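None of the values given here were measured: they were computed from a predicted structure.
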Amino acid sequence: MSISFAQCRSAIAAQVATIAGMKIIPFPGQYFGRVQNSLAHLGYSVSVDSSDAIADRQRATSPIYTKTNTVVTFAYRLRPQDVIIDLDAATDKEELLIKKCISAYTAIRPGLEVRYNRSTRTIPDSIEYIIIRIELSAYHHI
């Protein structure tokens, strides 16, 4: 079954949306921390950064097996008096997100398989938020 890049992105966003408190924001993940008012506690964005064909015989009439590099970016607010506690809570939320993103997609998008690659964490100079970027590989046919 063919799955478009947009369907891949929306399927991952739907998985994240099932986590309590998470809310999608109307900005691409690359704008976290760069655009005024783009951050919100537990606000997230899912973006499709790139796609690669998997080594396979390709024909115009048959689906192309693809690896789509997808990124889930979210912000977690750091309270001034509880920075260390909030950092731990943020990484706990990150682990929950990773497990949710690599779970089965058969109910919402059959034929999609998602794997975890890595995470990066950034704290702006204001120490108001931690911005966590989770990199995933989504395997599907287009």
Side-chain angles (χ1 to χ4, degrees), residues 1-59 62-142:
M1 170 180 246
S2 291
I3 298 171
S4 70
F5 301 126
Q7 290 171 326
C8 175
R9 189 208 59 75
S10 65
I12 292 171
Q15 290 284 67
V16 175
T18 64
I19 298 172
M22 299 300 293
K23 52 196 164 291
I24 197 156
I25 62 165
F27 298 101
Q30 294 89 336
Y31 282 82
F32 269 73
R34 288 184 17 199
V35 176
Q36 186 178 14
N37 298 325
S38 66
L39 294 180
H41 178 63
L42 297 178
Y44 73 95
S45 179
V46 179
S47 58
V48 175
D49 280 6
S50 64
S51 297
D52 301 300
I54 301 296
D56 195 7
R57 188 173 181 185
Q58 296 181 19
R59 294 186 181 148
S62 62
I64 300 167
Y65 192 48
T66 306
K67 179 181 91 167
T68 298
N69 299 309
T70 309
V71 177
V72 177
T73 307
F74 77 98
Y76 197 98
R77 183 145 177 18
L78 301 175
R79 298 168 295 170
Q81 303 300 319
D82 297 311
V83 172
I84 301 303
I85 293 167
D86 289 342
L87 287 172
D88 289 343
T91 55
D92 288 346
K93 186 65 84 169
E94 174 187 352
E95 288 177 30
L96 179 62
L97 248 141
I98 292 166
K99 290 174 183 174
K100 190 59 132 168
C101 287
I102 64 170
S103 64
Y105 286 80
T106 52
I108 55 175
R109 191 59 62 195
L112 180 63
E113 180 185 339
V114 178
R115 296 183 185 163
Y116 169 72
N117 293 330
R118 68 183 219 135
S119 299
T120 56
R121 298 163 201 92
T122 306
I123 300 175
D125 292 338
S126 67
I127 312 175
E128 188 176 357
Y129 288 92
I130 182 170
I131 300 168
I132 299 177
R133 183 179 154 94
I134 300 169
E135 298 175 21
L136 307 163
S137 292
Y139 295 87
H140 59 103
H141 288 90
I142 59 170

J.: What closest approach, in Å, do T73 and V71 show between heavy atoms, and which atom pair accounts for it?
T.: OG1-CG1, 3.5 Å

J.: Taking atom NZ of K23 as the centre, report whether more than 12 heavy atoms of other residues, nucleotides or ligands fall under 6.0 Å from it.
T.: yes

J.: If you round to the nearest 0.5 Å, how far is CD of E128 from CD1 of I123?
T.: 12.5 Å

J.: Could you tell me the separation between the CD1 atom of I12 and the CG atom of L97, rounded to the nearest 0.5 Å?
T.: 11.0 Å

J.: Given the rule in the side-chain contact (heavy atoms from CB on, under 4.5 Å) test, do R133 and T122 qualify, once you have shown the distances and angles that lead to the verdict?
T.: CA-CA 8 Å; R133 183 179 154 94; T122 306; over 6 Å; no

J.: Locate the shortest heavy-atom distance separating S119 from I98; write the atom from each residue and the value.
T.: OG-CD1, 3.8 Å

J.: Can any side-chain N or O of D86 pair as donor or acceptor with the backbone N or O of R79 at less than 3.5 Å?
T.: yes

J.: Please report the interatomic distance CZ(F5) to OG(S50), rounded to the nearest 0.5 Å.
T.: 9.5 Å

J.: Any side-chain to backbone donor/acceptor pair from H141 onto P63? Under 3.5 Å, distance only.
T.: no

J.: Between L136 and V114, what is the shortest heavy-atom contact and its length?
T.: CB-CG1, 3.9 Å

J.: To the nearest 0.5 Å, tell me how far E95 CD sits from I132 CD1.
T.: 10.0 Å

J.: Any side-chain heavy-atom pair from H140 and E113 closer than 4.5 angstrom?
T.: no

J.: Any non-hydrogen side-chain atom of L87 less than 4.5 Å from a side-chain atom of R121?
T.: no

J.: Please check this pair: side chain of S45 against backbone of F27, looking for a donor-acceptor N/O pair closer than 3.5 Å.
T.: yes

J.: Are any non-hydrogen side-chain atoms of Y44 and I25 less than 4.5 angstrom apart?
T.: no

J.: If you take all heavy atoms of V16 and C101, which pair is closest and at what distance?
T.: CG2-SG, 3.7 Å

J.: Working to the nearest 0.5 angstrom, can you tell me the gap between R109 CZ and S10 OG?
T.: 6.0 Å

J.: What class does the angle between the rings of H41 and Y76 fall in, given that below 30° is parallel, 30 to 60° is tilted and above 60° is perpendicular?
T.: perpendicular

J.: Are N69 and S137 close enough that some pair of their side-chain heavy atoms sits under 4.5 Å apart?
T.: yes

J.: State whether a side-chain donor-acceptor pair under 3.5 Å links S126 with Y129.
T.: no

J.: With a 4.5 Å heavy-atom cut-off, do F74 and I134 have their side chains touching?
T.: yes

J.: If you compare all heavy atoms of Q15 against all heavy atoms of S103, which two are closest, and at what distance to 0.1 Å?
T.: NE2-OG, 2.8 Å

J.: Would a 4.5 Å heavy-atom cut-off, applied to side chains only, mark T68 and R9 as touching?
T.: no

J.: Please round to the nearest 0.5 Å and tell me the distance separating atom OH of Y139 and atom CG of D52.
T.: 9.0 Å

J.: Which heavy atom of I108 sits nearest to which heavy atom of A11, and what is that distance?
T.: CD1-O, 3.5 Å

J.: Less than 4.5 Å apart, any side-chain heavy atom of D49 and any of Q30?
T.: yes

